[in-house]
Colleague: 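To start, I am sharing the structure in question, which I have written as structure tokens.
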Amino acid sequence: MEFNKSLIATLREDPKEIESKSHRLLLRGGFIRQLASGVYTYLPLGWRVLMKISTIIREELDRIGGQELLMPAMSPREIWEESGRWEEYGDDMFRFKDRKGRDYCLCPTHEEIITDIARSKIRSYRDLPQIWYQIQTKFRDEPRPRFGVVRSRQFIMKDSYSLDKDNEGLDKSFQFHKEAYTRIFRRCGLNFEIVDASGGLMGTGESKEFMARVEIGEDTVVSCKNCDFRASLEAAKGMGEVLKFEDGPIVEVHTPGKKTVEEVSGFLKVSPSNLVKSMFYTSPHEKPIIILLRGDYEINEATLHHKFGFSYQPATAEEINKVFGAEPGFIGPHGKKDIDIYADDLLKGATGMITGANKNDYHIRGLNIERDVKIKEFLNLRDVKAGDRCIQCQGELEFYNGLELGHIFKLGTKYSETLGATFSDEKGEEKPIVMGSYGIGLERVMACACEQKGDEAGAVWPISIAPFEIYLLMLNPADKEIVAFGREINQALTKAAFSIIIDNRDVSAGIKFNDFELLGIPIRVTVGPKGIKNNRLDIYIRETKEVFEVSGSDLVGKCLEIRDHLYRRMSCE
RNA sequence: CGGGGCGUGGCGCAGUGGUUUAGCGCGCAUGGUUCGGGACCAUGAGGUCGUGGGUUCAAAUCCCACCGCCCCGACCA
């Protein structure tokens with residue numbers, strides 16, 4: 001492609017809205033352009049990168065037997081009513097009405113649609129297993145779009161769905177995807193780790209996230225330095241130390257206006273770990289519960305939801321007042337025999353604790369959990385925090401920011417049951433299809449490559465996803481000789497199946513060199529008057545900054561060698 | 001949704017009651033000189049000053065409302 005006829009608009013200055021390295025590089029290089037908050041155009045260069053990524057994804061999904069299809073981006077309300085997610089999705093779902101007033105949404109995901117296909121097309125165990133996938137635009141009205149294309153409101157997702165007759169089949173499909181994803185991200189040249197995840201809204205089945213370690217990662221990954229334990233903070237469990245304080249009778253202490261753990265521990269001059277936080281959770285259809293947690297820990301809501309159900313929410317101040325007779329911050333578990341109380345297992349045997357007195361401006365000291373509170377069950381309900389040890393090996397835990405590139409999870413029969421997607425098994429019994437759901441965010445792969453590989457000067461694309469392989473830089477396109485030589489080289493390289501962008505613009509050299517760096521094309525070939533005179537061409541590798549000088553006749557061979565070398569740097573095996 | 005910031009040619013910004021046609025740099029167009037790291041000269045095009053309303057002899061500038069974008073938080077794949 002010729003630069004002077006292309007829609008490539010690099011920016012000389014940083015746009016004011018840049019938020020991260022990848023955002024800056026993608027904007028500056030003219031890969032993307034923002035239209036509205038969280039809504040982007042993929043300009044030709046960016047689109048080429050995304051197409052490269054989708055090709056890799058297709059190859060790897062086809063390899064595990066996936067069949068590509070394309071579902072609609074919009075869908076009618078009814079199917080979402082059936083699964084209950086018309087309500088559940090809330091404000092994250094873009095909704096609209098057609099001319100007749102029927103409700104529609106722009107699909108945030110496609111479980112419902114795929115299950116609808118499955119229920120009409122899958123009749124027998126003989127039709128299983130299946131893996132269906134699509135590469136589709138998804139719409140989610142994010143409360144806060146961020147980091148350019150990393151968290152946007154319209155984004156491209158590869159989503160696949162496995163259909164199996166039983167859990168063994170699902171295990172296999174899950175494993176296939178895990179392997180396919182590993183190959184995909186490796187082929188895209190990214191560094192990543194597979195971590196245990198919590199399914200979130202999707203359900204409680206096994207789930208793994210493919211996390212890239214980058215500064216702007218929005219999730220926290222907990223990683224053991226000693227063994228293979230890797231988990232997102234939500235899914236991570238850590239080992240903490242049980243602490244005991246001097247046992248004694250309960251005494252009331254005056255703590256005027258001191259509500260938070262920091263305020264109370266500061267006021268009483270004790271460590272936060274000496275406190276017990278009492279949290280009151282209510283649900284529209286279930287019994288309220290009290291959760292007890294040591295003051296130096298935070299509650300893990302994912303665990304709470306998995307254990308007790310997604311309908312539980314922190315109680316409002318009014319509810320707390322009504323049940324405890326005190327403001328939030330002054331409540332405690334003692335004397336609450338009519339409410340189920342669950343405690344974090346670090347409180348097992350805890351003595352001498354401080355907690356709310358159920359009386360405004362008062363706390364109590366000397367709480368002995370076993371003696372004074374009827375605990376229904378001790379559970380690990382806390383977030384891991386720095387200093388905790390690995391539950392597998394007691395090794396040291398490390399925390400880092402992870403960008404979620406992909407997520408695989410075992411849905412089980414959640415959707416097939418609610419939507420009635422069943423099949424007849426070998427014995428003629430009707431059973432729900434066992435499903436899995438698997439996603440990859442294409443833009444995140446693109447952004448991640450910029451985050452991990454890019455430098456000050458611009459993007460540095462892994463060759464597998466680079467928009468072009470060779471940047472053919474012609475120094476003076478007004479010079480007929482250079483143009484003719486450049487054309488010759490272009491032909492030879494094209495014949496060797498390279499994808500090439502020729503910078504034939506009549507602008508100063510510096511602009512061309514700078515744009516080459518901004519665009520992040522792996523290999524640069526420079527044609528200039530000096531080179532022509534001596535039949536020398538200069539080849540430069542963006543990633544390694546290596547320079548080679550070759551004669552015209554050696555050029556293609558050398559480029560092939562370099563391409564091979566660059567591919568080998570990130571091969572799967 | 002709470003707190004804050006911003007909105008002026010394509011991009012980055014200045015102008016915050018009155019210099020008769022709203023500036024600057026970059027970019028763009030035309031001509032010329034250049035041509036191994038954002039070069040130079042000349043000429044030129046391009047603006048509903050986010051939108052609506054108000055105050056005033058006079059508003060980009062003051063007031064009100066709304067919209068948009070961004071940041072921090074809440075929330076979230």
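The shown structure was predicted, so the numbers you read here are calculated from the model rather than taken from an experiment. Reminder, nothing fancy here: chain letters follow the sequence lines and each chain counts from 1.
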Colleague: Atom CG in Asp455(A), atom CD in Glu543(A): separation rounded to 0.5 Å?
Modeller: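 Between Asp455(A) CG and Glu543(A) CD, I get 10.0 Å after rounding to 0.5 Å.
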Colleague: Would you say that more than 12 heavy atoms from the other residues, nucleotides or ligands in this model lie under 6.0 Å from the CZ of Arg77(A), or not?
Modeller: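 Correct, the count exceeds 12.
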Colleague: Report yes if the side chains of Ile184(A) and Phe210(A) come closer than 4.5 Å at any heavy-atom pair, otherwise no.
Modeller: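 No - every pair of side-chain heavy atoms lies 4.5 Å or more apart.
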Colleague: Compare all side-chain heavy atoms of Ser152(A) with those of Val39(A) and state whether any distance is below 4.5 angstrom.
Modeller: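 No, every pair of side-chain atoms sits at 4.5 Å or beyond.
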Colleague: Measure CG/Leu518(A) against P/G27(B) and give the value in whole Å, please.
Modeller: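 In whole Å, G27(B) P and Leu518(A) CG are 15 Å from each other.
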Colleague: Using purine N1 to pyrimidine N3 plus N6-O4 or O6-N4 for Watson-Crick, or N1-O2 and O6-N3 for G-U wobble, both under 3.5 Å, which nucleotide pairs with U20(B)?
Modeller: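 WC or wobble partner does not exist here.
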Colleague: If you check the Asp92(A) side chain, which of G36(B), G38(B), C76(B) turns out closest?
Modeller: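 Minimum distance to the Asp92(A) side chain belongs to C76(B).
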Colleague: What is the distance, rounded to the nearest whole Å, between atom CZ of Arg524(A) and atom P of G36(B)?
Modeller: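 Going from Arg524(A) (CZ) to G36(B) (P), I get 13 Å.
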Colleague: Could you state the CD-P distance from Glu218(A) to A74(B), rounded to the nearest angstrom?
Modeller: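 About 13 Å, once rounded to whole Å.
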Colleague: Just to be sure I understand the rule, does Ala9(A) reach a base, reach only the sugar-phosphate, or reach nothing, if contact means heavy atoms closer than 4.0 Å?
Modeller: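 Answer is nothing: Ala9(A) stays at 4.0 Å or more from every strand.
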Colleague: Once you round it to whole Å, what is the distance between P of A39(B) and CD1 of Ile511(A)?
Modeller: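 In whole Å, A39(B) P lies 5 Å from Ile511(A) CD1.
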Colleague: So Glu517(A), base contact, sugar-phosphate only, or nothing? Heavy-atom distance under 4.0 Å.
Modeller: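 Contact class for Glu517(A): base.
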Colleague: Where the side chain of Asn514(A) is defined as all heavy atoms beyond and including C-beta, which of G36(B), G38(B), C70(B) is the nearest nucleotide?
Modeller: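 For the Asn514(A) side chain, the nearest candidate turns out to be G38(B).
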Colleague: Using a 4.0 Å heavy-atom cut-off across all strands, classify Gly531(A) as base, sugar-phosphate, or nothing.
Modeller: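 If one applies the 4.0 Å heavy-atom cut-off, Gly531(A) turns out to touch a base.
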Colleague: Any heavy-atom pair between the side chains of Cys107(A) and Met71(A) that's under 4.5 Å?
Modeller: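 Met71(A) vs Cys107(A): side chains apart.
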Colleague: If you look at every strand shown and take non-hydrogen atoms under 4.0 Å, does Ser152(A) touch a base, only sugar-phosphate, or nothing?
Modeller: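 Since a base atom lies under 4.0 Å of Ser152(A), the category is base.
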Colleague: With both distances kept under 3.5 Å, what pairs with G52(B), Watson-Crick or G-U wobble?
Modeller: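 By the stated definition (distances under 3.5 Å), C64(B) pairs with G52(B).
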Colleague: Round to a whole Å and report the spacing from CD of Glu17(A) to C1' of G68(B).
Modeller: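 Value for this atom pair: 13 Å.
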Colleague: Identify which nucleotide among G36(B), C35(B), C75(B) has an atom closest to any side-chain atom of Leu475(A), counting heavy atoms from C-beta outward.
Modeller: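 Closest nucleotide to the Leu475(A) side chain: G36(B).
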Colleague: Check whether the side chain of Arg151(A) and the base of C76(B) form a donor-acceptor pair under 3.5 Å.
Modeller: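 In this structure, the two groups form a donor-acceptor pair.
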Colleague: Using a cut-off of strictly less than 4.0 Å, decide whether Arg12(A) has a side-chain nitrogen or oxygen near OP1 or OP2 of G27(B).
Modeller: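 Checking Arg12(A) against G27(B): at least one side-chain N or O falls below 4.0 Å of OP1 or OP2.
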Colleague: Considering every strand and a 4.0 Å limit on heavy-atom distances, what is the contact class for Asp91(A): base, sugar-phosphate, or nothing?
Modeller: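 It contacts nothing in the nucleic acid.
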Colleague: Touch check for Arg444(A), heavy atoms < 4.0 angstrom, all strands: base, sugar-phosphate only, or nothing?
Modeller: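 Answer is base: heavy atoms of Arg444(A) come under 4.0 Å of a base.
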Colleague: Report the base-pairing partner of A59(B) (Watson-Crick or G-U wobble, both distances below 3.5 angstrom), or none.
Modeller: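 The answer is none; no pair meets the criterion.
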Colleague: Atom NZ of residue position Lys307(A) - does it have more than 12 heavy atoms of other residues, nucleotides or ligands inside 6.0 Å?
Modeller: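 For Lys307(A), atom NZ is not crowded (no more than 12 foreign heavy atoms under 6.0 Å).
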Colleague: From C-beta outward on Glu142(A), which listed nucleotide comes closest to its side chain: C69(B), A77(B), C35(B)?
Modeller: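 Nearest to the side chain of Glu142(A) among the choices is A77(B).
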Colleague: Out of C69(B), C76(B), G73(B), which nucleotide sits closest to the side chain of Arg146(A)?
Modeller: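 The answer is G73(B), which lies nearest to the side chain.
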Colleague: On RNA chain B, check which nucleotide each of Val150(A) and Gly38(A) is closest to and give me the residue with the more 5' one.
Modeller: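 Residue closer to the 5' terminus by nearest nucleotide: Gly38(A).
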Colleague: Report which part of the nucleic acid Asp506(A) touches: base, sugar-phosphate, or nothing (heavy-atom distance under 4.0 Å, all strands).
Modeller: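 The residue Asp506(A) makes base contact.
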Colleague: Under a 3.5 Å cut-off for both distances, is C26(B) Watson-Crick or wobble paired, and to whom?
Modeller: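 Across any shown strand, C26(B) pairs with G10(B).
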Colleague: Over how many whole Å does the gap from Ile216(A) atom CD1 to C76(B) atom P extend?
Modeller: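 After rounding, the reported distance stands at 20 Å.
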Colleague: Please give, in whole Å, the distance from G12(B) P to Lys16(A) NZ?
Modeller: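 After rounding, the gap between these two atoms is 6 Å.
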Colleague: Heavy atoms from C-beta onward define the side chain here; which of G37(B), G38(B), A77(B) lies closest to that of Ser508(A)?
Modeller: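 It is G38(B).
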Colleague: Output the rounded distance in Å from CE (Met93(A)) to P (C76(B)).
Modeller: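 These atoms are roughly 16 Å apart.
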Colleague: Using the closest heavy atom to pick a nucleotide of RNA chain B for each, name whichever of Val527(A) or Glu13(A) lands nearer the 5' end.
Modeller: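 Nearer the 5' end of the strand: Glu13(A).
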Colleague: Under 5.5 Å between ring centres and under 30° between planes: true for Phe155(A) and the base of A77(B)?
Modeller: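 Aromatic stack with A77(B) present for Phe155(A).
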Colleague: Determine the contact category for Leu11(A): base if any of its heavy atoms lies under 4.0 Å from a base atom, sugar-phosphate if only primed atoms, P, OP1 or OP2 are that close, otherwise nothing.
Modeller: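 Here Leu11(A) touches no strand at all.
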Colleague: A quick test of your reading: do over 12 heavy atoms of other residues, nucleotides or ligands sit less than 6.0 Å from CD of Glu549(A)?
Modeller: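 Yes.
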Colleague: If you compare every side-chain N and O of Thr109(A) against the phosphate oxygens of A77(B) (OP1, OP2), does one of them come in below 4.0 Å?
Modeller: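 No, because none of the side-chain N or O atoms of Thr109(A) sits under 4.0 Å from OP1 or OP2 of A77(B).
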